[in-house]
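Note sheet for the following structure.
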Amino acid sequence: MEEKYFYIEPEIARGLLSRMREMKAVKRGVDKQAYLIDEYAVLTASKIKLRNVITRDDDLAYFDELIKTLMDLKKQGVGIVPILGYCVEPDSDYGNGYIIQSRAKGAELYDDSVMKEFYIGKPQLAYLSSDTDAKEYVISRTNLISKVPQNHFDKFIRDIIVLLNNDILIDFNAKSNFFYDETEGFQFIDLDSHTDYKYRLVENKMDGKEIAAYYGFMPCHFAVGTKVLPNHALDEKAISIIDDEKLLQLAADNKTIYEKCKTALLNNGISEEQLSNSLTLLKLFGC
């Protein structure tokens with residue numbers, strides 16, 4: 001294994017890897033499994049040499065640059081979870097190895113392993129199964145997010161714009177890629193690639209505000225018919241198992257979240273025209 005530890009002592013990193021091998025994963029994504037140890041997360045990964053799924057990064061120069069950029073942004077107050085180091089099997093085709101990072105504070109914005117019960121088509125994705133009662137979870141979690149202070153929503157949008165303007169790719173395909181903590185606010189995880197512009201795959205750089213106008217509504221639940229993230233729409237048949245009173249509460253809380261997201265977008269310079277364009281493609285539950 002080749003080791004590169006940027007912001008963690010090698011002895012501590014090796015100790016975490018040793019402990020991890022005696023544990024079971026608590027989270028799983030498409031190509032990673034997560035082991036939570038104290039204030040750290042150790043990820044087993046099979047594609048460390050790939051950026052943005054398809055871009056080869058055999059000498060990991062892009063990854064090293066990304067790690068340093070993330071730490072710089074963290075020091076500037078952006079709500080990211082920094083990567084501290086990694087080790088990789090040099091002869092593996094796509095880069096089998098381990099990534100060590102800080103552990104996100106709080107809990108997932110919405111845990112997709114629970115929420116998949118309500119997503120349209122009930123996609124199994126790659127998440128570990130959960131024993132959490134989905135009905136109680138969606139009601140209580142949505143209510144909690146509806147009470148998040150406006151300044152935390154404002155910072156969430158601001159951080160989206162900053163990350164994209166720094167050519168950091170944000171994976172909006174899973175709500176579990178965002179965490180919320182009452183003190184830290186919203187945090188972003190699974191930041192392991194630059195945008196296509198960084199790799200010269202496209203000519204034009206992303207407009208952070210334009211992207212935020214669409215994906216700044218991630219804290220909301222989407223409804224059937226949304227053109228943005230249609231796989232995350234709440235299946236109407238699935239949520240019908242929730243009693244009418246709680247369903248009304250869910251809709252009301254989601255509308256509150258929508259209003260706070262909209263206000264945050266406007267507070268961060270997204271124009272009324274940009275919002276209007278995004279809302280023609282978005283369909284939000286209860287709104």
Side-chain angles (χ1 to χ4, degrees), residues 27-30 106-148 150 152-153 156-157 160 170-180 186 188-190 210-266 270 274-287:
K27 301 289 181 181
R28 183 173 66 199
V30 174
E108 293 93 337
L109 172 61
Y110 296 104
D111 188 339
D112 289 307
S113 66
V114 182
M115 288 298 302
K116 68 182 182 182
E117 298 299 324
F118 291 120
Y119 292 154
I120 192 165
K122 297 184 177 62
Q124 293 306 305
L125 305 175
Y127 299 101
L128 295 175
S129 59
S130 173
D131 295 328
T132 301
D133 185 310
K135 287 192 295 183
E136 292 301 320
Y137 176 84
V138 69
I139 296 298
S140 62
R141 190 64 184 169
T142 307
N143 183 253
L144 185 150
I145 299 299
S146 74
K147 295 176 180 176
V148 168
Q150 184 63 51
H152 283 185
F153 281 96
F156 175 64
I157 300 301
I160 288 176
I170 303 170
D171 184 0
F172 292 108
N173 289 306
K175 289 179 182 280
S176 290
N177 286 334
F178 308 90
F179 272 61
Y180 182 73
F186 293 100
F188 299 69
I189 68 168
D190 203 20
E210 188 71 31
I211 301 300
Y214 291 90
Y215 293 99
F217 291 99
M218 284 299 291
C220 302
H221 296 299
F222 298 96
V224 174
T226 181
K227 299 295 191 299
V228 177
L229 298 172
N231 292 332
H232 284 72
L234 296 184
D235 187 310
E236 293 171 351
K237 183 177 180 181
I239 63 172
S240 68
I241 64 174
I242 301 173
D243 67 56
D244 290 345
E245 183 178 351
K246 288 187 176 180
L247 206 55
L248 287 172
Q249 177 190 332
L250 179 65
D253 287 340
N254 199 55
K255 187 172 183 180
T256 297
I257 297 169
Y258 158 76
E259 295 291 351
K260 290 184 176 182
C261 289
K262 182 178 178 181
T263 297
L265 288 161
L266 293 171
I270 283 73
Q274 287 173 315
L275 265 180
S276 178
N277 290 338
S278 69
L279 291 173
T280 62
L281 298 180
L282 286 162
K283 189 172 182 182
L284 302 168
F285 180 72
C287 300

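Count residues from 1 along the sequence.
A search for side-chain contact (heavy atoms from CB on, under 4.5 Å) contacts involving A251 returns F285, not counting sequence neighbours. In this structure, E236 has no side-chain hydrogen bond (donor to acceptor under 3.5 Å, both in side chains) partners at least two apart in sequence or on a different chain. For F153, the ring-ring contact (aromatic ring centres under 6.0 Å, His included) test picks out F186, with sequence neighbours left out. K147 is linked by a side-chain hydrogen bond (donor to acceptor under 3.5 Å, both in side chains) to N143, counting only residues two or more places apart in sequence or in another chain. Partners of D171 under the salt bridge (Lys or Arg N to Asp or Glu O under 4.0 Å) rule, at least two apart in sequence or in another chain, do not exist in this structure. In this view, K227 and L281 satisfy the side-chain contact (heavy atoms from CB on, under 4.5 Å) rule, not counting sequence neighbours. With sequence neighbours left out, S140 forms a side-chain contact (heavy atoms from CB on, under 4.5 Å) with no residue at all. In this structure F188 satisfies the ring-ring contact (aromatic ring centres under 6.0 Å, His included) test together with F156, F178, sequence neighbours excluded. For Y110, the side-chain hydrogen bond (donor to acceptor under 3.5 Å, both in side chains) criterion is met by no residue, not counting sequence neighbours.
Note that CE of M115 and CD of E117 are 10.0 Å apart. Values are rounded to the nearest 0.5 Å. Within the model, atoms CD1 of I170 and CD1 of I189 stand 12.5 Å from one another, a figure rounded to the nearest 0.5 Å. I145 CD1 to T256 OG1: the interatomic distance, rounded to the nearest 0.5 Å, is 12.5 Å. Distance check, rounded to the nearest 0.5 Å: CG of D112 to CG of N177 gives 7.5 Å. Here the CD1-CG distance, from I120 to L229, works out to 13.0 Å after rounding to the nearest 0.5 Å. One finds the CG atom of L234 at 8.0 Å from the CZ atom of F118 (value rounded to the nearest 0.5 Å).
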Sequence neighbours left out, cut at 3.5 Å: what donor-acceptor pairs do the side chains of residues 210-225 make with other protein atoms?
{"unit_1": "E210", "atom_1": "OE1", "unit_2": "Q274", "atom_2": "NE2", "d": "3.0"}
{"unit_1": "H221", "atom_1": "NE2", "unit_2": "T142", "atom_2": "OG1", "d": "2.7"}

Check residues 240-247 and write down every donor-acceptor pair under 3.5 Å in which the side-chain atom is one partner and the other belongs to a residue at least two apart or another chain.
{"unit_1": "S240", "atom_1": "OG", "unit_2": "K237", "atom_2": "O", "d": "2.5"}
{"unit_1": "D243", "atom_1": "OD1", "unit_2": "E245", "atom_2": "N", "d": "3.2"}
{"unit_1": "D243", "atom_1": "OD1", "unit_2": "K246", "atom_2": "N", "d": "2.9"}
{"unit_1": "K246", "atom_1": "NZ", "unit_2": "E136", "atom_2": "OE2", "d": "3.1"}

Side chain to side chain contact (heavy atoms under 4.5 Å, CB included) assessment of L275 paired with L265: CA-CA 8 Å; L275 265 180; L265 288 161; 3.6 Å; yes
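When atom types are taken as modelled, the side chain of R141 and the backbone of D111 share no donor-acceptor pair closer than 3.5 angstrom.
Contact detail for Y180 and H152: the closest heavy-atom pair is OH-ND1, 2.7 Å.
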